[in-house]
Amino acid sequence: MKFFVDTANLKDIKKAYQIGVLSGVTTNPSLVAKEGVQFEDRIEEILQAVPEVESVSAEVTPHAVTAEEMIAEADELIKINGGDKNITIKVPMTLAGLETTRYLAKKGVKVNVTLIFTVNQALLAARAGAAYVSPFLGRLDDISEDGVLLVAKIAELFRTHNLDAQIIAASVRHPDHVTRVAMAGAHIATVPFKVIEQLAKHPLTDQGIEKFAADWVEPKK
Ligand code: G3P
């Protein structure tokens, strides 16, 4: 399973890239609003900061409701950073979103269909030509449904029918989510940088480092 970082914060994106684990970046209107920056400018900065990843998702705005509106926005987004091949257009899971997906996929543009909460939604998105489908597991857990189980079911369905859309486990809140979606067959987990830091940590690792430091005797010269 690959890691994407789920943030529009440039510092966090650069840190994740620097430690060598980053395969992509996802943003959404809420994450960009948190940064208080202009949307297209931030997407361009991200694309320039992480040139070796496979995907940087830029979501159409909440004003785009019809397929025509989403396509018009997408046509502008794909020009960012000189038509960067890494840009992925993120659309919501609606009928208009599916129509947009089909249109963009035919043009060779990668699409991430977001806000997926059922297996059927994932199947429709994959059939429309999505490169990525994003089930939101944390938000399902929030309403007492099993988010990881949804990821496992989508993974099984995609294997059964040889669908090549990649599953991005999204709305990941903690390290246990990461372990479980990896084992459930997600291709990618998109996680806040804070969770990447948590994944790297263990109290016994810290204690071990402290003990080695305390025991270390400088070799005699
Ligand atoms: O990738 C989707 C994510 O941004 C949503 O996460 O924590 O707002 O449910 P959350």
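The model shown is predicted, which means the values in this text are computed figures rather than measured ones.
- Remark: the backbone N or O of Val53 is not paired with any side-chain donor or acceptor of Tyr17 at under 3.5 angstrom.
- In this structure, the separation between OH on Tyr132 and CZ on Phe4 is 4.5 Å, given to the nearest 0.5 Å.
- Taking all atoms of both residues into account, the shortest heavy-atom contact from Ala186 to Met1 is O-CG, 3.5 Å.
- Inter-residue side-chain proximity for Lys110 and Lys90 is flagged as unmet; no heavy-atom pair is nearer than 4.5 Å.
- Here the side chains of Leu22 and Val5 are in contact, with some heavy-atom distance below 4.5 Å.
- Residues Arg180 and Asp176 form a side-chain contact, since some pair of their non-hydrogen atoms from C-beta on lies under 4.5 Å apart.
- The nearest pair of heavy atoms linking Val133 to Ala125 is CG1-CB, 3.7 Å.
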* To do: Begin from the C-alpha positions of Ile89 and Met70 and carry the test side-chain contact (heavy atoms from CB on, under 4.5 Å) through to its verdict.
  => CA-CA 10 Å; Ile89 304 300; Met70 289 186 198; over 6 Å; no
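- Judged purely by atom type and a 3.5 angstrom limit, Thr101 uses its side chain to pair as donor or acceptor with the backbone of Gly97.
- The two residues Ala126 and Ala165 have their closest heavy-atom pair at CB-CB, 3.9 Å.
- Using modelled atom types, no side-chain atom of Arg173 and backbone atom of Asp141 make a donor-acceptor pair closer than 3.5 Å.
- In this structure, Glu197 places its CD atom where more than 12 heavy-atom neighbours from other residues, nucleotides or ligands lie under 6.0 Å away.
- Residues passing the salt bridge (Lys or Arg N to Asp or Glu O under 4.0 Å) test with Glu76, sequence neighbours excluded: Lys79.
- The number of heavy-atom neighbours closer than 6.0 Å to CG of Leu95, taken from other residues, nucleotides and ligands shown, is 12 or below.
- Taking 4.5 Å as the limit, some side-chain heavy atom of Trp216 sits within range of a side-chain heavy atom of Glu218.
- For the pair Ala105 and Val111, the tightest heavy-atom approach, listed with the atom from each and the gap, is N-CG2, 4.5 Å.
- Legend: residues meeting side chain to side chain contact (heavy atoms under 4.5 Å, CB included) with Asp75, ordered by chain and number and at least two apart, are Ile71, Ile78, Tyr103, Lys107.
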* Output, in order, the C-alpha distance, side-chain angles, deciding distance and verdict of side-chain contact (heavy atoms from CB on, under 4.5 Å) for Val56 and Asp84. => CA-CA 10 Å; Val56 172; Asp84 197 304; over 6 Å; no
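- Note on Val195: it does not cluster hydrophobically with Met183, by side-chain heavy-atom contacts below 4.5 Å among ILVMFWY residues.
- Taking CD1 from Ile80 and CD1 from Ile46, the interatomic distance works out to 9.5 Å, rounded to the nearest 0.5 Å.
- No more than 12 heavy atoms of other residues, nucleotides or ligands lie within 6.0 Å of NZ in Lys153, so this atom counts as exposed by the packing criterion.
- Here the straight-line distance linking atom CD1 of Ile87 with atom CG of Leu77 works out to 5.5 Å at 0.5 Å rounding.
- The ring-ring contact (aromatic ring centres under 6.0 Å, His included) pairs that include a residue from residues 45-94 number zero, where partners must be two or more places apart or lie in different chains.
- If you check the side chains of Ser134 and Asn112, you find a donor sitting under 3.5 Å from an acceptor.
- Across all non-hydrogen atoms, the minimal contact from Ile167 to His187 is N-ND1, 2.8 Å.
- Contact record, Val60 with Ala74: CG1-N, 4.5 Å, taken as the closest heavy-atom pair.
- No continuous path of ILVMFWY side-chain contacts below 4.5 Å connects Ile13 to Ile188, so the two sit in separate hydrophobic clusters.
- To the nearest 0.5 angstrom, Asn162 atom CG is 11.0 Å from Leu157 atom CG.
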* I would like to know whether Val113 and Ile116 meet side-chain contact (heavy atoms from CB on, under 4.5 Å); could you show each step before the answer? => CA-CA 7 Å; Val113 178; Ile116 290 205; 4.0 Å; yes
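- Contacts of Phe117 classified as ring-ring contact (aromatic ring centres under 6.0 Å, His included), with partners at least two apart in sequence or in another chain: Phe136.
- Residues Asp146 and Val148 meet the side-chain proximity criterion, which asks for heavy atoms closer than 4.5 Å.
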* To do: Begin from the C-alpha positions of Asn86 and Glu54 and carry the test side-chain hydrogen bond (donor to acceptor under 3.5 Å, both in side chains) through to its verdict.
  => CA-CA 6 Å; Asn86 289 344; Glu54 70 173 59; over 6 Å; no
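- Considering only heavy atoms from C-beta on, Val178 comes within 4.5 Å of Leu199 through its side chain.
- A continuous path of hydrophobic side-chain contacts links Leu104 to Leu124 [ILVMFWY only; heavy atoms under 4.5 Å].
- Residues Ile168 and Leu123 fall into different hydrophobic clusters, defined by Ile, Leu, Val, Met, Phe, Trp and Tyr side chains chained together at heavy-atom separations under 4.5 Å.
- You'll find the side chain of Ile19 stays beyond 4.5 Å of the side chain of Lys15, heavy atoms only.
- Proximity of a side-chain donor or acceptor of Arg139 to a complementary backbone N or O of Ser171 within less than 3.5 Å is not detected.
- Looking at Gln121, its side chain does come within 3.5 Å of a backbone N or O of Thr118 through a donor-acceptor pair.
- Residue pairs meeting the ring-ring contact (aromatic ring centres under 6.0 Å, His included) criterion with at least one member in residues 151-178, sequence neighbours excluded: His174-His177.
- A single hydrophobic cluster is not seen to contain both Leu149 and Val181; linkage of ILVMFWY side chains at heavy-atom distances under 4.5 Å, directly or through other members, places them apart.
- Under the 4.5 Å side-chain criterion, counting only non-hydrogen atoms from C-beta, Thr114 is in contact with Glu59.
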Can you give the donor-acceptor pairs under 3.5 Å from side chains of residues 23-39 to other protein atoms, not counting sequence neighbours?
from  : atom 1 : to     : atom 2 : distance (Å)
Thr26 : OG1    : Asp6   : OD1    : 2.8
Thr26 : OG1    : Thr190 : OG1    : 2.5
Thr27 : OG1    : Ser57  : O      : 2.8
Asn28 : OD1    : Ser30  : N      : 3.0
Asn28 : OD1    : Leu31  : N      : 2.7
Glu35 : OE1    : Asn9   : ND2    : 3.3
Gln38 : OE1    : Glu40  : N      : 3.4
Gln38 : OE1    : Asp41  : N      : 3.1
Gln38 : NE2    : Glu40  : OE1    : 2.9

* Asked: Does the pair Arg42 and Glu45 meet the rule for a salt bridge (charged side-chain N to carboxylate O under 4.0 Å, His left out), with working shown?
  -> CA-CA 5 Å; Arg42 180 46 53 96; Glu45 287 170 317; 2.8 Å; yes
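- Other residues, nucleotides and ligands place more than 12 heavy atoms under 6.0 Å from the NZ atom of Lys2.
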